[in-house]
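Structure first, then comments.
Only this structure's heavy atoms are used, side chains among them; waters, hydrogens and symmetry mates stay out. Here the structure is a predicted model, which means the values were calculated and not measured. Below, chain A is the first sequence line, B the second, and so on; all start at residue 1.
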Number of protein chains: 2
Amino acid sequence: MRVVHDVAMELRQLNSFVVVAEELNVGRAAVRLHLTQPSLSRQIAALEHDLGVELFARVKRRFVLTAAGEAFLVDAKELLRRADEAVRTAQRTHRGELGTLRLRFVQSATFEALPRLLGTFRAAYPEVVLDLETMTTLRQTDALRDGRIDVGLLRLPAAEPGLSSRVVSHDPLVVALPAGHRLAKRKRIGLAELAEETFVLYTRATGPSVHDAIVGYCRAAGFVPRIVQEGADVQTIVALVAAGLGVSLLIAPTPPIDPEAVVYRKLSDNLPPWQLSVAWSPDNSSPVLERFLQLV
Amino acid sequence: MRVVHDVAMELRQLNSFVVVAEELNVGRAAVRLHLTQPSLSRQIAALEHDLGVELFARVKRRFVLTAAGEAFLVDAKELLRRADEAVRTAQRTHRGELGTLRLRFVQSATFEALPRLLGTFRAAYPEVVLDLETMTTLRQTDALRDGRIDVGLLRLPAAEPGLSSRVVSHDPLVVALPAGHRLAKRKRIGLAELAEETFVLYTRATGPSVHDAIVGYCRAAGFVPRIVQEGADVQTIVALVAAGLGVSLLIAPTPPIDPEAVVYRKLSDNLPPWQLSVAWSPDNSSPVLERFLQLV
DNA sequence: GCCACATCATGCACCACACGCATCAACTCT
DNA sequence: AGAGTTGATGCGTGTGGTGCATGATGTGGC
């Protein structure tokens, strides 16, 4: 016994009914339905029997819709339309043309990689809903493994266990200096030249690898950086540099800012570039994710 | 080939899909559907094949809805709900509990018969839409024969060919006099006493039978009424009587009015009462009409 | 007014398809 | 590692939907 509805009515019968109601002639309707007249005649009779309702009045061997038939015709058409719609929705969702992509990204991705990737994706799949938010690398990897998000734009120093990933850009470290700084006129700056400076750095809490790597580079250059302040996000760090609290080492691309306040300079040291990666769970079979990865 | 939708999907499959999606276990779902597990398993496979979409991800012998499955589940539930609704609507329409009753009535019915009949009907069938309008007897009979209306409240002197009817009230003629009239103090008035009066009567255009009958009664009483004015509706006629243009003969019930302006008096003559009838077409098989006639 | 035609219903034979039973395959849990 | 759970598949069977032939009934033409 059916749980939701308990009538043996089927979509095939509804379709037959609609065609007969439109033609008001069983023979012609049968032709349209690629059936024989007797078969269709019985189909309608069965539908009426199932409903317990006469849909047509057989007056003088002619079909006329009854009041109940009129009412049912409207509903039947609507049902068939919606059934068709439901099928197409399922198929488009299957193809990844409909659905939601839950994307998270580190803040430094917002300046270049994110708009580039989203621009391409949105042009190809305009009907996919984008669920976007910034999130640190650490929390992204957790969320990816738990299936709470589909894809992350993050800073992976190496392959992450349990996740697939692909590098989308190599970003160098740059020096951020207050505009009036003694080194501000130079094109390139050696890391060792910053030995006596005070530093404003990314806080360890959000992404320990960035913080630790920068400190490591400084040690390799022969000094321990004097960190006077940490900032949770790039905008804050740049503001602190502009305020003259110190210099900073940032991952490019950097936020646009007034060159009268802060300047960015390349490092002459040959440090390995920082990788920005797209990461996802190999268990996640979301069609939308597949489409996104095809375009990366 | 189907005209509206061309997928072999059926409601039975949708129902099975919904139950499986709810249980996420084919065996338990099969129990709920009174089927065996293999049968249900094949039904789902057939549905997926028809749609060309995997609705479930078979991961480790366990069922999980895919993104397309999630989307389809919502639509499938909605479709089943609406299918059920459509069936109930058709059945209720068949029983005359839903639908429209197109009722027309002569103006004199509005004072008593109409509110009485409508009150009873509306209490019994509150969901039937009432299509109400005043209409003269002549136009009602035409409209009934053409099927433009379902039922009429009208003045039939005799059985109307092609229509069924039933008398619902017998209404006497009454005299309407200006309040200051010489006969206004009398309880009853003989028709012959009005021989010298001037008359305001129903116009022949709207209902010739009423006009002609009144003139006939006057002739039988020995005089030809001097008609100084005709009025299309009762309200107008009463206003003209109040203005002192003449007296009038009206069919009861009469509109309530200020007794300082106009008074109604019974006739002492033994004139046959005027009949108010309900009329309908015997060809009209509207279930709502049937219900209405049951209550008359 | 009678006969050919149109139209819906019904009897009958047939076959596809959905079903149940038995079993296989693969994963889980102890 | 073995028992249990769970979904898929092979196979035989019966029901139900189908086509063909025909009946019943109303319509229109000459």
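The pair B:Glu133-B:Arg102 fails the salt-bridge criterion, with no side-chain N (NZ, NE, NH1 or NH2) lying under 4.0 Å from an Asp/Glu carboxylate O. Using a 4.0 Å cut-off between charged side-chain N and carboxylate O, A:Glu48 and A:Arg58 make a salt bridge. Using a cutoff of 4.0 Å between basic side-chain nitrogens and carboxylate oxygens, A:Arg82 and A:Glu85 are not scored as salt-bridged. For B:Glu10 and B:Arg12, the salt-bridge test fails: no basic side-chain N is under 4.0 Å from an acidic carboxylate O.
Atom P of nucleotide C:dA9 and atom NE2 of A:His49 are separated by 15 Å, given to the nearest angstrom. Taking atom CZ on B:Arg58 and atom C1' on C:dA25, their separation rounds to 15 Å, with Å as the unit. Here D:dG17 presents its C1' atom at 13 Å from CZ of B:Arg12, a figure rounded to the nearest Å. In this structure, B:Ile44 places its CD1 atom 15 Å from C1' of C:dC19, rounding to the nearest Å. The nearest whole Å value for the distance from the CD atom in A:Glu23 to the P atom in C:dT7 is 11 Å. Spacing between atom CG of A:Leu40 and atom P of D:dG19 amounts to 10 Å, rounded to whole angstrom units. Distance CD (A:Gln13) to P (D:dG16): 13 Å, rounded to an integer number of Å. The NE2-C1' distance, from A:His34 to D:dG17, rounds to 18 Å in whole Å.
Using a 4.0 Å heavy-atom cutoff across all strands shown, A:Gln37 reaches at least one base atom of the nucleic acid.
Rounded to 10 degrees, the angle separating the terminal axes of the helix from C:dG1-D:dC30 to C:dT30-D:dA1 is 30°, with each axis obtained from five end pairs.
Although no hydrogens or angles enter the test, the distance criterion places a donor-acceptor pair under 3.5 Å between the side chain of B:Arg104 and the main chain of B:Asp131.
With contacts defined as side-chain heavy-atom distances shorter than 4.5 Å, the pair B:Leu103/B:Leu118 qualifies. B:Val74 is not listed as a side-chain neighbour of B:Glu70, based on a closest heavy-atom distance of 4.5 Å or more.
Side-chain proximity of B:Asn25 to the nucleotides D:dC20, C:dG20, D:dT6 is greatest for D:dT6. Residue B:Pro38 has its side chain nearest to C:dC21 when only C:dC8, C:dC21, C:dG20 are considered.
A close approach under 4.0 Å does occur between a side-chain nitrogen or oxygen of A:Ser39 and OP1 or OP2 of D:dG19. In terms of phosphate contacts, B:Gln43 brings a side-chain nitrogen or oxygen within less than 4.0 Å of OP1 or OP2 of C:dC19. Contact check, B:Ser41 against D:dA8: a side-chain N or O comes under 4.0 Å of OP1 or OP2.
Scanning atom types as modelled, one donor and one acceptor separated by under 3.5 angstrom connect the side chain of B:Arg42 and the base of C:dG20.
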